[in-house]
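Everything below concerns the one structure shown next.
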Amino acid sequence: MLLSLIKILVFVAVVAGLTWGAARLTDVTGGAEIAMAGYEVTLGPLQLVLAIALLALLGWLLFKALGFLLALVHFINGDDTAVSRWFSRSRERKGYKALADGMIALASGEGETAMAKGRRAQRYLRRPEITSILVAQGAELTGDRKTAEGAYRELVQIDRTRFVGIRGLMRQRLADGDTDTAMKLARKAFELKPRHVETQDTLLRLQAEAHDWSGARATLDAKRRSGSLPRNVAKRRDAVLALSEARDVIDETASIEMREKAIEANRLSPDLIPAAVMAARSYLAVGNTRYATRVVRKAWEAEPHPDLAQVFAEIAPEEDAQARLKRFSVLVKARPDHPETRMLEAELLIAAEQFNEARRALGDLVETDPTARVLTLMAAIERGRGADDAVVRGWLARALTAPRGPQWVCENCHNVHPHWEPVCSNCHAFDTLTWTRPAEGGTPLPRGTEMLPLIVGGSAGRTDAPVPAVREGAATASPLPARESASPAAATSPVDEAEIVGAETVTASDRTEAEAVTAARK
């Protein structure tokens with residue numbers, strides 16, 4: 001309504017201005033005399049202005065008439081669209097100008113202007129495959145989801161832009177959290193353009209989240225054949241998908257299929273630790289200890305890991321400490337200088353009550369890489385060598401404040417996971433978990449520094465040096481024999497809370513702090 005009022009006021013102002021100008025011209029004296037071929041014409045000021053305007057109009061009409069005649073000649077010569085193009089040329093010029101202005105506005109971040117220019121271009125051009133894209137992107141820029149969805153639905157109806165429309169709707173459903181509909185749209189978009197990298201990645205991620213492992217492997221194979229994924233990366237991710245499929249089969253208690261999928265995953269990527277663990281256990285399930293040993297040894301040579309040591313211990317669960325130490329020498333000799341190998345050897349020597357050898361096995365890890373596990377092993381070694389309780393408590397106190405060491409960390413969002421998963425639970429990225437050290441700054445335990453005087457006991461074990469915030473120690477799988485775990489010398493955390501806090505001197509507040517220590521160590 002306001003726009004109509006403005007138009008009326010502009011019209012009245014133009015009429016008033018023309019009237020005022022005509023009145024002023026009538027008051028002007030003089031004029032113009034035109035003499036040609038014996039004729040003389042005298043024109044007043046107003047008549048002269050009108051004659052000039054009439055001549056301009058006649059010149060414009062003559063120019064247009066010549067253009068039409070030229071188009072008519074082309075039509076007669078066989079150009080069937082020459083006349084129609086002549087009539088639509090002006091509309092096209094206005095339409096493409098509006099389209100260009102809309103694109104400039106879109107690049108400038110002016111969503112409302114882009115939408116208005118897109119609608120104007122549509123009125124002149126009548127080409128929704130171009131103008132609807134401009135309207136949709138402008139609407140997304142301004143947050144107008146309803147208009148954007150309508151524009152994308154129009155694009156879906158056109159063959160040339162069906163993929164663009166489906167992709168736009170898919171992104172909207174992903175933003176809304178409607179993963180089921182988004183997966184259906186992603187499959188449709190993948191059918192239309194199987195080589196589109198973004199569509200491949202989106203479909204693969206959605207299929208992995210939905211545990212559609214067979215579909216995800218087909219999508220991964222398409223990525224590999226299209227050349228958008230290196231061959232070695234594709235092979236590893238195929239192993240991850242096969243492993244994930246095997247884990248789902250375990251949940252369904254189908255052992256035969258589980259063994260086949262686990263072995264296939266290990267064959268595709270021998271250095272994938274979870275696949276090696278599952279493949280080894282699948283071989284153990286059928287009594288094939290030779291293949292289980294070979295799988296663990298090959299994976300250990302690629303990357304030593306506590307889970308590999310655990311499954312290697314399951315090959316002979318009833319052996320004594322000396323026999324286990326001898327059998328594990330295969331792994332120790334494979335990567336002797338790796339920190340995980342040195343800690344494993346120290347644990348085995350502690351179980352065999354060879355405490356001096358265990359200290360030599362740790363080497364300089366106490367100085368160069370003092371993780372919670374290393375310091376806890378040192379406490380067990382000192383306890384086994386007969387050191388004072390204050391010394392043992394001091395090592396445990398340091399273990400509480402030490403970093404946890406390598407963990408399963410997402411390379412994309414750096415979120416720490418307690419176990420390996422094919423899809424990050426935080427950012428939903430696929431195959432981004434790696435066994436590495438997380439960034440410093442883990443969550444401190446409550447009242448960490450206040451517990452230290454209680455842990456280290458009397459003045460002999462106290463220190464005035466500032467102590468960093470206490471962090472939770474890493475839980476690792478132990479390869480020690482089952483019957484050795486009851487031995488104080490064999491345990492990786494050999495000092496009980498009752499031994500750290502004297503029973504005769506414990507107050508009510510001290511008991512609360514001792515319980516906090518217990519919870520922290522667990």
Side-chain angles (χ1 to χ4, degrees), residues 99 102-103 106-107 111 114-115 118 121-122 125-141 144-242 244-245 268 412 422-424 427-432:
L99 185 64
M103 294 177 66
L106 186 66
M115 292 170 60
Q122 173 59 22
L125 297 176
R126 295 186 179 90
R127 297 186 62 182
E129 70 274 13
I130 299 177
T131 57
S132 293
I133 296 176
L134 182 60
V135 172
Q137 293 184 350
E140 284 187 341
L141 193 61
D144 189 352
R145 301 285 301 278
K146 185 176 181 180
T147 302
E149 182 175 349
Y152 283 130
R153 291 187 181 278
E154 290 181 2
L155 293 171
V156 172
Q157 305 303 320
I158 305 171
D159 291 339
R160 294 179 59 191
T161 58
R162 182 170 289 114
F163 174 80
V164 178
I166 293 175
R167 176 176 173 271
L169 293 175
M170 178 189 69
R171 293 173 61 185
Q172 285 194 325
R173 295 298 174 267
L174 286 174
D176 296 337
D178 187 0
T179 55
D180 293 336
T181 306
M183 183 182 292
K184 295 177 182 178
L185 293 169
R187 286 198 182 102
K188 188 63 178 178
F190 182 72
E191 292 175 4
L192 295 174
K193 283 193 175 183
R195 300 176 67 89
H196 192 264
V197 177
E198 181 189 6
T199 303
Q200 293 173 346
D201 293 339
T202 302
L203 179 58
L204 181 62
R205 178 173 63 84
L206 292 174
Q207 288 171 330
E209 290 180 5
H211 289 201
D212 180 13
W213 307 119
S214 58
R217 294 185 76 177
T219 305
L220 183 67
D221 186 60
K223 282 180 64 68
R224 180 188 60 80
R225 285 187 281 105
S226 65
S228 60
L229 198 64
R231 185 179 182 86
N232 59 335
V233 177
K235 191 174 181 180
R236 173 190 163 77
R237 292 189 176 178
D238 193 26
V240 171
L241 292 173
S244 304
E245 192 172 4
L268 291 171
N412 188 41
V423 179
C424 176
C427 66
H428 306 290
F430 174 70
D431 189 27
T432 56

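Just the heavy atoms: all of them, side chains too, but no hydrogens, waters or symmetry mates, feed the values below.
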Compare every heavy atom of P194 with every heavy atom of Q200, then report the nearest pair and how far apart it is. NE2-O, 2.5 Å
How far does CG of D180 sit from CG of L206, to the nearest 0.5 angstrom? 9.5 Å
R145, R153, K146 screened by side-chain hydrogen bond (donor to acceptor under 3.5 Å, both in side chains) with E149, the one that passes: R153
May I ask you to say whether E209 pairs ionically with R205, meaning some side-chain N is under 4.0 Å from a carboxylate O? yes
With side chains defined as the heavy atoms from C-beta onward, is the minimum distance between R173 and K184 less than 4.5 Å? no
Between S226 (side chain only) and R195 (backbone N and O only), is there a donor and an acceptor less than 3.5 Å apart? no
Salt bridge K223-D201, side-chain N to carboxylate O under 4.0 Å: yes
Filter on ring-ring contact (aromatic ring centres under 6.0 Å, His included), then keep only pairs touching residues 218-238, sequence neighbours left out; what's left? none
Drop me the distance from R236's CZ to L241's CG, to the nearest 0.5 angstrom. 11.0 Å
Within the 4.5 Å heavy-atom criterion, are D144 and M115 side-chain neighbours or not? yes
d(K188 NZ, T199 OG1) to nearest 0.5 Å is 13.5 Å
Here's a test for you: under side-chain contact (heavy atoms from CB on, under 4.5 Å), which of V423, L268, D431 qualifies with V240? D431
Tell me which pairs pass ring-ring contact (aromatic ring centres under 6.0 Å, His included) where either residue lies in residues 181-202, with sequence neighbours left out. F163-H196
Hey, is D238 close enough to R224 for a salt bridge, meaning N to O under 4.0 Å? no
Nearest atoms (heavy-atom pairs only) where T432 meets C424: OG1-CB, 4.0 Å
List the atom of L204, the atom of A216, and the distance in Å for their closest heavy-atom pair. CD1-O, 3.4 Å
Side-chain touch T219/Q207, heavy atoms, less than 4.5 angstrom: yes
To the nearest 0.5 Å, tell me how far L174 CG sits from M183 CE. 10.0 Å
What distance do I130 atom CD1 and L155 atom CG have between them, rounded to the nearest 0.5 Å? 11.0 Å
Find out whether L229 and L220 are in side-chain contact, i.e. whether some heavy atom of one side chain is under 4.5 Å from a heavy atom of the other. yes
Quick one: does L99's side chain get under 4.5 Å of R127's, heavy atoms only? no
Could you go step by step and tell me if D221 and R217 meet the salt bridge (charged side-chain N to carboxylate O under 4.0 Å, His left out) rule? CA-CA 6 Å; D221 186 60; R217 294 185 76 177; over 6 Å; no
Could you give the side-chain donor-acceptor pairs of residues 132-141 under 3.5 Å, partners two or more places apart or in another chain?
from: S132; atom 1: OG; to: P128; atom 2: O; distance (Å): 3.0
from: S132; atom 1: OG; to: E154; atom 2: OE1; distance (Å): 3.0
from: E140; atom 1: OE1; to: Y152; atom 2: OH; distance (Å): 3.3
from: E140; atom 1: OE2; to: Y152; atom 2: OH; distance (Å): 2.9

